[in-house]
*Asks:* 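Just dropping this structure here.
Throughout, residue positions are numbered sequentially from 1 according to the sequence presented. In this text, all values refer to a predicted model and were calculated from it rather than measured experimentally.
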Amino acid sequence: MAPKMIIPTLLLCGLSGLLCPSAAVMALVPPSPTLRRTVLSGNHVGSLSRMGRLSMVTNVDDNDNEKMVKMGMRQRLSNRLEHMIGSNSSSATNVKSTSLFAKRSASKIRTFQTIPAFMFLILRRITLTPSLAWAADSTSVLPQSPAMAIGRRRILSFLQSRLQSIGTSFRGLNKQKVKRIALIGLAIVSFINVIESIMAHQRQKLDATSEWGRYADKPAARGMALSVLMMRLVPYAVLPAIIEKITGNKKDGDDYAGYNTKKEYESSKAHNLRKRGGELFADGLLRLGPLYIKIGQILSCRENLFPEEWISAMEKLQDRVPAKSGKEAWELAYEACPGGKAGLHQTFTDFDDVPLAAASLGQVHRARLRNSGERVAIKIQRARLRDIYDKDLALMKKIAKVVDSVGKAGQVGGVEQSWEGIFNDAETILYREIDYRDEAENAIRFANDFGIGLGGVAIDSTAKGKDGKTLPSAAEWLRTPYTYGDLSSEKFLVMEYVPSIKVNNDEKLDEAGVTVEDREYLAEALAHSYLRQFCSNKFFSTDPHPGNLGIEVFEDGQAPRMVFYDFGQACSLSDDQSGGILEVIESIIDSDAKKSVSAFTRMGVLKDNADLEKVQAKCQQNYDTGMLKVKKRKKRKSSKYRSTVDTDDEKLKARIEQAGKPSNTTDSSPEVKDAEVMEYFTLQSEYAFVARALSQMDGVGKGLDPEFDFISAAAPYLVEVKGAGRYLIDEAKKRLNFVYDPENGILSKEMELFKSFGFNPAEITAARKK
């Protein structure tokens, strides 16, 4: 029998045995006609006898093969079918049955009875005939031993009996039997799933990533794991709210209503439940796969979606991914390296199979370049990531469309947004992240924008300020590894080895002598870098979590440097988006509500039907109440914090003090609620990544300096981004606002007067240029 037919045949036999136990016994009986007639004595056998099939089972004698060989294929098939259809057809019409199939006509019964035997003939031709050419040749005879003939007759009888028993069993089906079979099948499937889940749970205790490949191959298994996770999370999501409603205590953001202090809340049952729920959710995402880890990191930036305990747990996902070492690390390296095993040993030496760090997508190993001896860090991608992404993202894309189609389900915090649009951009970024060639391009662009070369030396920056002049190199306060693009590939990234201390490792920072003043300086450097990324480079890293940031410490008294790693997730901004962000920052520094609305319009985040007056009133209300307030820059005593940027602290201080003066609005103006204005905003996908970067950066900044906020830390460097000349002109216009104001200034009034007399200076100027 052909190997490919063994499994289908056994499955067929197993099914017939389940439906018809007596037929299963028949398959085990030796090919003796008398003994077979003795065994075949039940109701099923009676049906077979009435159908005229018993002769087909019993009339296989020793001369059967020789007779079949001497007949042509077509003639043999015709004779067999004629025998099947003509035998005892009249008796079939008189069969009475209470089964589900009892109302068939005689012709349909004959047709149905013919199918098993016909299938048997096809199986016999496929599995037992050496070739069609031999079967068609009436003169060729295949020599057979008696043992082969006996074995062949047994197989023929076995297959034929299985097909006949299946047909008989289906004719005897009724509702009760169908229900019993369905329940048995469901019980078997459930039992198998439970066993698989228990075994998977045991494997995940040793390695949380052990089931990533299985979940990609079997979406049903991942769906079951996800369903179990959601059910386990329900108590932790519901019970804290119930407890707070009963006790009258409630936490809303930073407002601890009913709790005397934050410490009292952290000792409460509600907090402990939320904390446990967050840990359970993060652990579940880690076990589901790399894409779910990324989704958790993205969701952690949406503070209004989850409690802070859940967000804190999701932010730590990157630190919990186990690494592969030893033999597994070598196998990953050989698979990922261009040129395979030979290429790895030809290009590198001293490869350390114990990784320095591990993340959801890959892990980093130390090595040396064989030709130069330079120390490098090699980032190796985990196995099967693209296959996992292909299958998981296809499902999530459908979910995003469904969410957008359900009315306000696409709103977060009252702001309307397209989840499909956000997902499409996220999909692009996620796919680019698993192609290390794209990450190499991002890393090279980042280093060039900040003017940082190999070894951290200063080179010419490629970024320009708003005045068109090249920005200074950031090598004095910023560091990023040099990237060897020519040695990198889709799954293999080679970078300069730059050791540092993790930005949130306070113990090691203390041991290295990093002072409080150093940390405040580093927090400001982080804000400075993102001001340039948003407003000058128009290209930024979307993932500044602690795993991607380090502190480079020097022993010669030089100020420490902030180190950026991992540029797999990066995003570009348009001119209007970049310019709008800069205007928003300036409007907050100046507490200028009108300029804020103008910046929102330029950014494209306001709907066409937005009530601009109401939006402006809400901005002014936030400025007047101090909800948005810029802090004064801290003075540093040490001279090591010298800056390459000309920042006039006295002018900045005066600007902040001027902005802090009360506005002309009166207390009698009606209060505008958040919900009234949030419905006028629409969130473009790029700003979701801006918000994510700001949220993660704020967490890192507060870890270094508890009083950190991005606007206050970035304010001194506006002069660098805008250019000194442009900055001074803009400041002069503010002082002369009564002249330059576009609505109420003297120049605008004069322009309106000229236009009323039919004189338009703008048109005359344009005509002269032509």
*Asks:* State whether the side chain of Ser578 and the backbone N or O of Cys535 hold a donor-acceptor pair below 3.5 Å, judged by distance alone.
*Replies:*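 A pair under 3.5 Å: yes.
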
*Asks:* Would the distance check show the side chain of Arg437 and the main-chain N or O of Phe492 forming a donor-acceptor pair, the cut-off being under 3.5 Å?
*Replies:*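 It does not hold such a pair.
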
*Asks:* Find out whether Asn505 and Glu507 are in side-chain contact, i.e. whether some heavy atom of one side chain is under 4.5 Å from a heavy atom of the other.
*Replies:*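 They are in side-chain contact.
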
*Asks:* Applying side-chain contact (heavy atoms from CB on, under 4.5 Å), run through Glu439 and Asp566 and close with a yes or a no.
*Replies:* CA-CA 8 Å; Glu439 181 173 349; Asp566 196 335; 3.4 Å; yes

*Asks:* Could you walk me through whether Asp353 and Lys324 pass salt bridge (charged side-chain N to carboxylate O under 4.0 Å, His left out), step by step?
*Replies:* CA-CA 9 Å; Asp353 59 13; Lys324 306 291 184 182; over 6 Å; no

*Asks:* Return the set of residues passing ring pair (Phe, Tyr, Trp, His ring centres under 6.0 Å) with Tyr484 (not counting sequence neighbours), or none when no residue passes.
*Replies:*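 Ring pair (Phe, Tyr, Trp, His ring centres under 6.0 Å) list for Tyr484, sorted by chain: Tyr482.
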
*Asks:* Taking the side chain as C-beta and beyond, is there a heavy-atom pair between His365 and Ile380 under 4.5 Å?
*Replies:*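 Touching, per the 4.5 Å side-chain cut-off.
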
*Asks:* Rounded to the nearest 0.5 Å, what's the gap from CD1 on Ile581 to CG on Leu573? Could you check?
*Replies:*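 Going from CD1 on Ile581 over to CG on Leu573, the span is 5.0 Å.
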
*Asks:* With a 4.5 Å heavy-atom cut-off, do Arg532 and Leu471 have their side chains touching?
*Replies:*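 Heavy-atom side-chain distance check passes, below 4.5 Å.
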
*Asks:* Under the ring pair (Phe, Tyr, Trp, His ring centres under 6.0 Å) test, which residues partner Phe540, sequence neighbours left out?
*Replies:*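 Once residues adjacent in sequence are excluded, the partners of Phe540 under the ring pair (Phe, Tyr, Trp, His ring centres under 6.0 Å) criterion are Phe534.
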
*Asks:* Assess whether atom NZ of Lys508 is packed by more than 12 heavy atoms of other residues, nucleotides or ligands within 6.0 Å.
*Replies:*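 Count not over threshold, so no.
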
*Asks:* Could you give the distance from CG (Leu285) to CE (Met314), rounded to the nearest 0.5 Å?
*Replies:*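 CE of Met314 is found 7.5 Å from CG of Leu285.
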
*Asks:* Apply side-chain contact (heavy atoms from CB on, under 4.5 Å) to the pair Lys491 and Asp435, showing each step before the final yes or no.
*Replies:* CA-CA 6 Å; Lys491 300 179 180 180; Asp435 189 337; over 6 Å; no

*Asks:* Output all residues satisfying side chain to side chain donor-acceptor pair (under 3.5 Å) with Lys469, sequence neighbours left out; order by chain, then residue number.
*Replies:*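 Lys469 satisfies side chain to side chain donor-acceptor pair (under 3.5 Å) with no other residue.
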
*Asks:* What residues form a salt bridge (charged side-chain N to carboxylate O under 4.0 Å, His left out) with Asp460, not counting sequence neighbours?
*Replies:*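 If we apply the salt bridge (charged side-chain N to carboxylate O under 4.0 Å, His left out) test to Asp460, skipping adjacent residues, there are no hits.
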
*Asks:* Is there a donor-acceptor contact under 3.5 Å linking the side chains of Arg692 and Gln569?
*Replies:*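 Their side chains do contain a donor-acceptor pair, which is all the 3.5 Å distance test asks for.
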
*Asks:* With no hydrogens and no angle check, is any side-chain donor or acceptor of Ser473 less than 3.5 Å from a backbone partner on Ala475?
*Replies:*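 Yes; at least one donor-acceptor contact below 3.5 Å.
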
*Asks:* Does any non-hydrogen side-chain atom of Thr682 lie less than 4.5 Å from one of Val605?
*Replies:*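 The answer is no, as the side chains (C-beta and beyond) never meet within the 4.5 Å cut-off.
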
*Asks:* Got Asp698 and Val700 here, is their nearest side-chain heavy-atom distance under 4.5 Å?
*Replies:*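 They are not in side-chain contact.
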
*Asks:* Using modelled atom types and a 3.5 Å cut-off, is there a donor and acceptor pairing between side-chain atoms of Tyr687 and backbone atoms of Met603?
*Replies:*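 Yes, Tyr687 side chain to Met603 backbone: donor-acceptor pair under 3.5 Å.
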
*Asks:* Tell me whether Ser461 contacts the main-chain N or O of Asp449 through its side chain, where contact means a donor paired with an acceptor under 3.5 Å.
*Replies:*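 Checked: pair present.
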
*Asks:* Side chains of Tyr623 and Ser596: is there a donor and an acceptor less than 3.5 Å apart?
*Replies:*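 Yes, a side-chain donor-acceptor pair sits under 3.5 Å.
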
*Asks:* For Lys275, is the NZ atom crowded, meaning more than 12 foreign heavy atoms sit under 6.0 Å from it?
*Replies:*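 Not more than 12 within 6.0 Å, no.
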
*Asks:* Tell me every residue that passes side chain to side chain donor-acceptor pair (under 3.5 Å) with Gln381, counting only those two or more places apart in sequence or in another chain.
*Replies:*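 Side chain to side chain donor-acceptor pair (under 3.5 Å) check on Gln381 returns nothing, list empty.
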
*Asks:* I'd like to know if Lys269 and Glu244 make a salt bridge, using a cut-off of under 4.0 Å between side-chain N and carboxylate O.
*Replies:*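 Salt bridge flag = no for Glu244 with Lys269.
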
*Asks:* Using the rule given for salt bridge (charged side-chain N to carboxylate O under 4.0 Å, His left out), can you reason through Arg602 versus Glu583, listing the C-alpha separation, both sets of side-chain angles and the distance that settles it, and then say yes or no?
*Replies:* CA-CA 9 Å; Arg602 182 178 180 183; Glu583 289 182 10; 2.8 Å; yes

*Asks:* Answer whether the closest heavy-atom distance between the side chains of Arg561 and Leu478 falls below 4.5 Å.
*Replies:*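 The answer is no; the side chains never approach within 4.5 Å.
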
*Asks:* Using distance alone, with no hydrogens and no angle criterion, decide if Asp590 and Ser587 have a side-chain donor and acceptor under 3.5 Å apart.
*Replies:*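 No pair is found: no donor N or O on one side chain lies under 3.5 Å from an acceptor on the other.
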
*Asks:* State whether the side chain of Tyr497 and the backbone N or O of Pro481 hold a donor-acceptor pair below 3.5 Å, judged by distance alone.
*Replies:*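 Judged by distance alone, no pair lies under 3.5 Å.
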
*Asks:* Test Val563 against Thr480 for side-chain contact (heavy atoms from CB on, under 4.5 Å), laying out the working first.
*Replies:* CA-CA 5 Å; Val563 185; Thr480 188; 5.8 Å; no

*Asks:* For Gln533, what residues pass the side chain to side chain donor-acceptor pair (under 3.5 Å) criterion, not counting sequence neighbours?
*Replies:*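 Residues passing side chain to side chain donor-acceptor pair (under 3.5 Å) with Gln533: none at all.
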
*Asks:* Please tabulate, for side-chain N and O atoms in residues 440-447, each donor-acceptor pair with protein atoms closer than 3.5 Å (sequence neighbours left out).
*Replies:*
from	atom 1	to	atom 2	distance (Å)
Asn442	ND2	Asp438	O	3.4
Asn442	ND2	Phe567	O	3.0
Arg445	NH2	Asn537	O	3.3

*Asks:* Hey, does Leu526 have a side-chain heavy atom less than 4.5 Å from the side chain of Phe564?
*Replies:*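 Side-chain contact under 4.5 Å: yes.
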
*Asks:* Heavy atoms, side chains only, cut-off 4.5 Å: are Val503 and Leu704 in contact?
*Replies:*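 Val503 vs Leu704: side chains touch.
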
*Asks:* For Glu264, enumerate each residue passing the salt bridge (charged side-chain N to carboxylate O under 4.0 Å, His left out) test, keeping only those at least two apart in sequence or located in another chain.
*Replies:*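 Glu264 satisfies salt bridge (charged side-chain N to carboxylate O under 4.0 Å, His left out) with no residue once adjacent residues are dropped.
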
*Asks:* Taking ring-ring contact (aromatic ring centres under 6.0 Å, His included) as the criterion, tell me which of Tyr717, Phe710, Phe450 meets it with His528.
*Replies:*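 Exactly one pass, corresponding to Tyr717.
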
*Asks:* Answer yes when Glu586 and Lys722 have at least one side-chain N-carboxylate O distance shorter than 4.0 Å, and no when they do not.
*Replies:*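 Yes.
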
*Asks:* After noting the C-alpha distance and the side-chain angles of Lys379 and Gln363, does the key distance pass the side-chain contact (heavy atoms from CB on, under 4.5 Å) rule?
*Replies:* CA-CA 6 Å; Lys379 186 176 180 180; Gln363 54 191 46; over 6 Å; no

*Asks:* Test of understanding: with ring pair (Phe, Tyr, Trp, His ring centres under 6.0 Å), list the residues that count as partners of Phe600, not counting sequence neighbours.
*Replies:*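 Expected list: Phe681.
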
*Asks:* How long is the straight-line distance from CH2 of Trp477 back to CD of Glu552, given to the nearest 0.5 Å?
*Replies:*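 Separation between the atoms: 14.0 Å.
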
*Asks:* What distance separates Ser267 OG from Asn272 CG, expressed to the nearest 0.5 Å?
*Replies:*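 The OG atom of Ser267 sits 8.0 Å away from the CG atom of Asn272.
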
*Asks:* Out of curiosity, Ile585 CD1 to Ile711 CD1, how far, rounded to the nearest 0.5 Å?
*Replies:*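 Those atoms lie 4.5 Å apart.
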
*Asks:* Measure the spacing between CG of Asn622 and CD1 of Ile588 and express it to the nearest 0.5 Å.
*Replies:*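 Here the interatomic distance stands at 9.5 Å.
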
*Asks:* Could you tell me whether the side chain of Thr625 and the main chain of Gln621 form a donor-acceptor pair under 3.5 Å?
*Replies:*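 A pair under 3.5 Å: yes.
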
*Asks:* List in chain and number order the residues that pass salt bridge (charged side-chain N to carboxylate O under 4.0 Å, His left out) with Glu309, two or more places apart in sequence or in another chain; answer none if no residue qualifies.
*Replies:*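 Testing Glu309 for salt bridge (charged side-chain N to carboxylate O under 4.0 Å, His left out), a comparison that skips the adjacent residues, returns none.
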
*Asks:* State whether a side-chain donor-acceptor pair under 3.5 Å links Thr515 with Asp518.
*Replies:*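 Looking only at side-chain atoms, Asp518 and Thr515 do form a donor-acceptor pair, the distance falling under 3.5 Å.
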
*Asks:* Would the distance check show the side chain of Gln577 and the main-chain N or O of Ser574 forming a donor-acceptor pair, the cut-off being under 3.5 Å?
*Replies:*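 Looks like yes, one N/O pair under 3.5 Å.
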
*Asks:* Taking side chain to side chain donor-acceptor pair (under 3.5 Å) as the definition, give me every residue that meets it alongside Thr209, ordered by chain and number, with sequence neighbours left out.
*Replies:*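 Scan of Thr209 (side chain to side chain donor-acceptor pair (under 3.5 Å), adjacent residues dropped) gives Asp207.
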
*Asks:* For Asp575, check side chain to side chain contact (heavy atoms under 4.5 Å, CB included) against everything at least two apart and list the hits.
*Replies:*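 Side chain to side chain contact (heavy atoms under 4.5 Å, CB included) check on Asp575 returns Lys538.
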
*Asks:* Okay, side chain of Glu524, backbone of Ala713: is any donor-acceptor separation there less than 3.5 Å?
*Replies:*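 Not confirmed, Glu524 side chain does not pair with Ala713 backbone.
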
